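Notes to accompany the following structure.
Just so you know, these numbers come straight off a predicted model, no measurement behind them.
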Amino acid sequence: MKNDVISPEFDENGRAMRRIRSFVRRQGRLTKGQQFALDNFWPVMGVEFQAEPLAIDALFGRSAPVVLEIGFGMGTSLVTMAQQNPDQNFIGIEVHSPGVGACLATAHEEGVSNLRVMCHDAVEVLEKMIPDGSLDMVQLFFPDPWHKARHNKRRIVQPEFVEKLRKKLKVGGVFHMATDWEPYAEHMLEVMTSLESWANLSQEGNYVPRPESRPVTKFEMRGQRLGHGVWDLMFERKQ
């Protein structure tokens, strides 16, 4: 697995350009199990970044609805969803290699075959690798909320990002977001509501109850015990 995460960009003078990132690049220490999974299961389930469109049907050896998850953490819920929905193809993107290793290990242990994972910047993957109109759903669960006001520009849910994502979804495809930080939920709702190409699937025009398709994570269960809220948003691509 190549662990470059970010492909450098240069201006006309050959100088590296600085882009605002929605994540902090933390390598982290791999456990022996995670390293073993990367060494042995990445060749089967891993997808290297390449600056050309991905042949998704060929990648899975079949044609099926495609779900893309951005930032899957340690991959527990992603593997569960893939296991519970064998008729769908799942692609997960995560920038931190320990999480990728953990996800690969769990997927192998559970015998999941309808999952592929990437270790790269999701924005660049969307721009370069995901064909337009190829996705049935995009999932973004508990992204970094960047609490401080001066860091709000790093939040991944911004109009420019959502427009990139819209092109990759089929018409009728769904963007599903979840966060445990209410100000970020309000930010997501404001951004999505301001864009004409999306329909909010909430009957009240704000948030939806957690759908059964999104498993409750250990992190979320701990938050519930502490009285923390979780907000789910689901928007459908209209055009």
Side-chain angles (χ1 to χ4, degrees), residues 1 3 5 22-47 59-60 64-122 125 135-145 156-157 174-181 184-185 208-226 228-234:
M1 181 187 77
N3 193 19
V5 178
S22 61
F23 60 89
V24 176
R25 186 177 181 181
R26 298 186 301 269
Q27 179 59 34
R29 179 174 295 179
L30 291 161
T31 66
K32 290 183 179 179
Q34 291 164 358
Q35 186 64 63
F36 180 87
L38 289 172
D39 292 341
N40 292 273
F41 309 141
W42 177 265
V44 178
M45 288 182 277
V47 180
L59 179 66
F60 288 92
V66 180
V67 179
L68 174 71
E69 180 162 340
I70 296 172
F72 57 74
M74 302 305 279
T76 304
S77 64
L78 177 58
V79 171
T80 298
M81 285 183 283
Q83 188 177 38
Q84 293 177 348
N85 298 277
D87 58 332
Q88 299 177 14
N89 292 334
F90 288 80
I91 300 174
I93 306 174
E94 174 58 54
V95 295
H96 304 303
S97 53
V100 175
C103 182
L104 290 171
T106 304
H108 177 77
E109 183 178 341
E110 298 297 334
V112 169
S113 61
N114 58 329
L115 171 64
R116 302 292 183 270
V117 300
M118 298 190 66
C119 187
H120 203 79
D121 176 9
V125 172
L135 304 177
D136 293 84
M137 178 172 284
V138 175
Q139 300 176 162
L140 179 69
F141 299 153
F142 306 103
D144 193 327
I156 192 170
V157 179
V174 174
F175 181 25
H176 181 189
M177 296 155 277
T179 180
D180 63 339
W181 183 250
Y184 197 9
V208 299
R210 180 187 64 82
E212 292 184 1
S213 60
R214 182 175 73 76
V216 179
T217 65
K218 291 181 180 180
F219 168 81
E220 187 176 352
M221 286 189 287
R222 178 179 178 273
Q224 290 174 347
R225 290 195 297 270
L226 296 173
H228 299 170
V230 172
W231 293 264
D232 282 80
L233 301 88
M234 299 184 78

Next on the checklist: Under the rule for salt bridge (charged side-chain N to carboxylate O under 4.0 Å, His left out), what residues qualify as partners of D39, not counting sequence neighbours?
Outcome noted: none
Next on the checklist: Among residues at least two apart in sequence or on other chains, which ones pass salt bridge (charged side-chain N to carboxylate O under 4.0 Å, His left out) with R214?
Outcome noted: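 Result, salt bridge (charged side-chain N to carboxylate O under 4.0 Å, His left out) vs R214: E220, D232.
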Kindly compute the distance separating [atom1] ([X]) from [atom2] ([Y]), expressed to the nearest 0.5 Å.
| X | Y | atom1 | atom2 | result |
| --- | --- | --- | --- | --- |
| L78 | C103 | CG | SG | 5.0 Å |
| L68 | F175 | CG | CZ | 10.0 Å |
| L104 | R116 | CG | CZ | 11.0 Å |
| F72 | M81 | CZ | CE | 11.0 Å |
| M74 | H96 | CE | NE2 | 10.5 Å |
| M118 | I70 | CE | CD1 | 11.5 Å |

Non-hydrogen atoms of [X] and [Y] that approach each other most closely:
| X | Y | result |
| --- | --- | --- |
| V157 | M177 | CG2-SD, 4.3 Å |
| M137 | M234 | CE-CE, 4.0 Å |
| P143 | I156 | CB-CG2, 4.3 Å |

Next on the checklist: Taking side-chain hydrogen bond (donor to acceptor under 3.5 Å, both in side chains) as the definition, give me every residue that meets it alongside E69, ordered by chain and number, with sequence neighbours left out.
Outcome noted: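 With sequence neighbours excluded, E69 shows a side-chain hydrogen bond (donor to acceptor under 3.5 Å, both in side chains) to Q139, given in chain and number order.
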Next on the checklist: For W231, give me all partners under side-chain hydrogen bond (donor to acceptor under 3.5 Å, both in side chains), at least two apart in sequence or on another chain.
Outcome noted: none
Item to check | Listed partners of F60 passing ring pair (Phe, Tyr, Trp, His ring centres under 6.0 Å), at least two apart | outcome: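 Scan of F60 (ring pair (Phe, Tyr, Trp, His ring centres under 6.0 Å), adjacent residues dropped) gives none.
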Next on the checklist: According to ring pair (Phe, Tyr, Trp, His ring centres under 6.0 Å), who are the partners of F141, at least two apart in sequence or on a separate chain?
Outcome noted: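 Per chain and number, F141 pairs via ring pair (Phe, Tyr, Trp, His ring centres under 6.0 Å) with H176.
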Heavy-atom check, side chain of [X] versus side chain of [Y], under 4.5 Å:
| X | Y | result |
| --- | --- | --- |
| L38 | L30 | yes |
| T179 | V230 | no |
| V117 | I91 | no |

Can you name the side chain to side chain contact (heavy atoms under 4.5 Å, CB included) partners of [X], sequence neighbours left out?
| X | value |
| --- | --- |
| A82 | F90, V112, N114, L115 |
| P65 | Q88, D136 |
| A105 | A37 |

Item to check | Pairwise side chain to side chain donor-acceptor pair (under 3.5 Å) hits with a residue in residues 76-86, at least two apart | outcome: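 Every side chain to side chain donor-acceptor pair (under 3.5 Å) pair that includes a residue of residues 76-86, provided the two are not neighbours, is Q83-E110.
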Next on the checklist: Using modelled atom types and a 3.5 Å cut-off, is there a donor and acceptor pairing between side-chain atoms of E94 and backbone atoms of G73?
Outcome noted: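 The answer is yes, because a donor-acceptor pair under 3.5 Å joins these two groups.
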